[in-house]
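Following: one structure in structure tokens, then a few remarks.
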Amino acid sequence: MERRLAAVLIADVVGYSRMSEIDEEGTRIRFHTDLHELFEPKIAMHHGRLIKTMGDGILVEFHSVVDALRCAVKIQQQKAERNAALRPEQRMLFRIGVNLGDVIVEGEDIHGDGVNIAARLESLAQPGGICISGTAFDHTVHKAEVGFSCLGEQQLKNIADPVRVYRVLLDPSEAGKVVASRLPRRRAIILATLAALLIAAAAIVFAWQWPFVPQRPSVAVLPFANLSSDAGQDYFTDGITDSLIADLTMLSDLDVIGHNSVFAYKGKPLVLADIGRDLGVRFVVEGSVQRIGDQIRVNAQLSDAASGDHLWANRFNRAAADVMAVQDELSRQIAEALGLKLTQSETERITHPPTANLEAYDYYLRAEQATRTGRRSRLLEALALFDKAEALDPGFAEAFAADAHATAYVWRSAYDDVLQSALARKRAYEKASRALALDSALSSPYAVLAVMQVVDRRYEQAVTSAQQAVSLGSADAEAHMALAYVQLFSGNHAEAGAAVDTALRHDPNLSAINRYTAGLVFYLQRDYTKAIDSFERARDGSPGNGDFVTPLAMAYVRASRLDDARATVAEGLRFLAGRDSLAAWRISNAHFRNEQDLAFILDALREAGLPEWPFGFKGNEHERLHGEEIASTVMGKLLRGKTEPSGSPALMQIERDGKAVFRSTTQMVTGTVFVNGDMLCEQSENAFGRADCGPIYRPANSPAETSYAYVNSTKVFYFSPVK
């Protein structure tokens, strides 16, 4: 993935949505006239490259930030002259932001923080004005016939560090000046006094109100009730809820609580004030869905969480085939009721249906419901349903994205009985890539790619992909948790912790696997209280899943709760039928960039009593074979025996060149075998493609008809060589 330093110019029309409501066709014509007659000539004159238009916005790249600023100045000056000759209602004003920063290049497109900062600067500019970043100012001061007003450091949305911002002074009399943002001294003193009073008043209000007071509208969409006589229609009702959450999450001026937190209230009595306080939101959406034959009835209402007052309500009676049109109207009407002004791009995304094929959409909703259970049997069902949806509509980007997410979960969890590791890896990459080819604005595929890249130990690429996911899905808790996972395994603990904190703001009740990731982050930050809480929530969020039981033991050890740690390991081994071991943890977490991070985990699990090998196998060092003995015993041989603990028959054929196949009643693995030191190693498509190594013993008490014992992270194999 190519990166480079570039000057970025972003322009946007002021009040485009309002103008379009009055005269949609005329507004579009005026925009394109300005694009072709004003922007394009000036861009060419200043050696820029028009990347793309984005609804009512324009993205341009320059090699020189001086050229970028001069271009912006000429555009605004000529636009002011054009507007002077027009009636007020015909005038179109632009805001422009200019930044010098690092960008990511993908084909003809660019993105990344360099572009994001330019977009935020554009929103700070006055109508007809220009704002630039501190990096741009440092290279352009005194190189353009303009002045600058310093606005100081600004905290820009979704940008981690404050950015110095300068407003460009276009009046010729201001040329060459660099001034602070001006405010008459007397007025400044008065306003400072008033500000102090307001802060004090706000503190008083804060003390009497909720613990969390949102800075902008915030909403929780509660699970819609299924009023159909068929409980099997839950997937359809849940799908409408999730689609509404996804649509509202796209809006830049609204905070929306994620799926896991709101679905915790499904089927429970609702007390709006409690929900508002617990989730930290001001508004709540409730609703119901009734599906009768080919008709649907959807009721929805928006309420103030504190007072319970209804701010908006509507009922939709439509044919089931119109379900996506209903979702579109729901989203737009709720946004209007909240007083939000949607940008052109936001409107386009909400009104663009994910698919025109209702049957494909139905398969997609069923697959999403099956995926959320996390159960292996349902995951296999989900992948088959995604295949059907994609076959019916090969342009269904959301289906490919959700498929990639589910497949990556299978791969990450090593559920080889659902889909073998190599096939899952290939499928996840292909589905994520297909989703992005269809819709590059989706955040989920980037999150999937980020997780897979870090497991492949491509740390820089993984961080870039995760940051892109967050950039496209700033309110998406899954995107922030992907970033947390990537930063965690890359060794950036502080950045991982910040990503977890952001995810929790958007979805306080994270999924079990995300709680597990959060627990690891807190554990490596040595915050064992938070680690225990996260691991306990992961365990409770996936009952009976031993994968989320054992991790709790490491935090108990560090908190000096050794009895609890050992009891937890015993519980995890019971759920996993003895398959868990330090060897399994070592190979599944080998992508920790800092070896000491993994060692800090393994040391605690060892102290908690987790055995080195699966099924509690312990070898006698006096009976262990050395490297040459291992080679002469197994290379070029057929090994016949049985696996523990079931005692089921198994065979392992090893050719002299190392090609090998292992067969048992439940497993067949092909790959290569080699001797490394005093270990026999298997390299296959399983275990993320990593070599799974273990010792061979000649135990005195070997089971009947066997002479040796071979153990690694997945098996204990008692065998005898057949010549």
Side-chain angles (χ1 to χ4, degrees), residues 231-236 238-239 242 259-260 263 355 357 359-394 396-435 444-445 447-449 451-452 455 478 511-514 516 538 541-549 575-577 579-580 584 588 646 648 662-670 684-689 714-715:
Q233 291 296 318
D234 266 6
Y235 80 93
F236 186 80
D238 291 350
D242 280 322
H259 169 95
N260 292 293
F263 269 77
T355 177
N357 189 310
E359 187 178 3
Y361 189 64
D362 196 78
Y363 281 130
Y364 163 75
L365 294 181
R366 292 177 186 271
E368 281 283 77
Q369 185 194 51
T371 298
R372 288 195 185 95
T373 67
R375 296 200 296 271
R376 297 188 184 202
S377 60
R378 297 302 308 278
L379 286 168
L380 187 61
E381 174 191 348
L383 298 186
L385 290 167
F386 281 129
D387 282 337
K388 291 181 179 180
E390 294 154 9
L392 288 167
D393 183 359
F396 193 172
E398 283 85 347
F400 284 98
D403 188 340
H405 185 269
T407 306
Y409 179 85
V410 170
W411 177 71
R412 178 178 166 185
S413 303
Y415 289 166
D416 289 336
D417 53 343
V418 176
L419 195 63
Q420 278 200 326
S421 179
L423 296 176
R425 181 181 185 277
K426 182 174 183 290
R427 177 178 174 128
Y429 269 118
E430 288 178 348
K431 300 295 185 180
S433 299
R434 177 61 178 162
S444 174
V448 169
L449 291 174
V451 170
M452 300 188 73
V455 173
E478 289 289 334
S511 66
I513 195 164
N514 285 335
Y516 163 71
S542 186
N545 187 340
D547 291 331
F548 295 132
V549 173
F575 281 127
L576 293 170
R579 294 192 305 272
D580 204 5
S588 63
S646 64
S648 59
F662 176 84
R663 297 187 187 91
S664 70
T665 56
T666 60
Q667 190 180 31
M668 186 178 85
V669 179
T670 59
S684 73
E685 295 175 338
N686 293 328
F688 307 115
T714 62
K715 62 177 169 284

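Hydrogens, waters and symmetry mates play no part in the numbers below; they use all other heavy atoms, side chains included.
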For residues [X] and [Y], report the shortest heavy-atom separation together with the two atoms involved.
X    : Y    : result
A360 : A389 : O-CB, 3.4 Å
P445 : A401 : CG-CB, 3.8 Å
L365 : G239 : CD2-CA, 3.6 Å
P543 : G541 : CD-C, 3.6 Å
W411 : S421 : CD1-O, 3.2 Å
A428 : A404 : O-CB, 3.8 Å

Query raised in the report: Is any NZ, NE, NH1 or NH2 atom of the basic residue among R434 and D403 found under 4.0 Å from an Asp or Glu carboxylate oxygen of the other?
Result: no
Query - Short N-O contact, R366 and E381, less than 4.0 angstrom - result: no
**Report entry** Distance-only side-chain donor-acceptor flag, S511 / N260, under 3.5 Å
**Finding:** no
Report task. Indicate whether the side chain of D234 and that of Q369 have a donor and an acceptor atom separated by less than 3.5 Å. Result -> no
Would a 4.5 Å heavy-atom cut-off, applied to side chains only, mark [X] and [Y] as touching?
X    : Y    : answer
D238 : F263 : yes
K431 : E390 : yes
D362 : Y235 : yes
R663 : V669 : no

Query - T371/R378 under side-chain contact (heavy atoms from CB on, under 4.5 Å): CA gap, chis, key distance, verdict - result: CA-CA 7 Å; T371 298; R378 297 302 308 278; over 6 Å; no
For the [atom1] atom of [X] and the [atom2] atom of [Y], what is their distance to the nearest 0.5 Å?
X    : Y    : atom1 : atom2 : result
F400 : F386 : CZ    : CZ    : 11.0 Å
L419 : R425 : CG    : CZ    : 13.0 Å
N357 : L392 : CG    : CG    : 5.0 Å
I513 : E478 : CD1   : CD    : 9.0 Å
S542 : D547 : OG    : CG    : 8.0 Å
E398 : D242 : CD    : CG    : 12.5 Å

Query raised in the report: On the ring face of Y364, is K388 found with NZ or CZ under 6.0 Å from the centre and within 45° of the axis?
Result: no
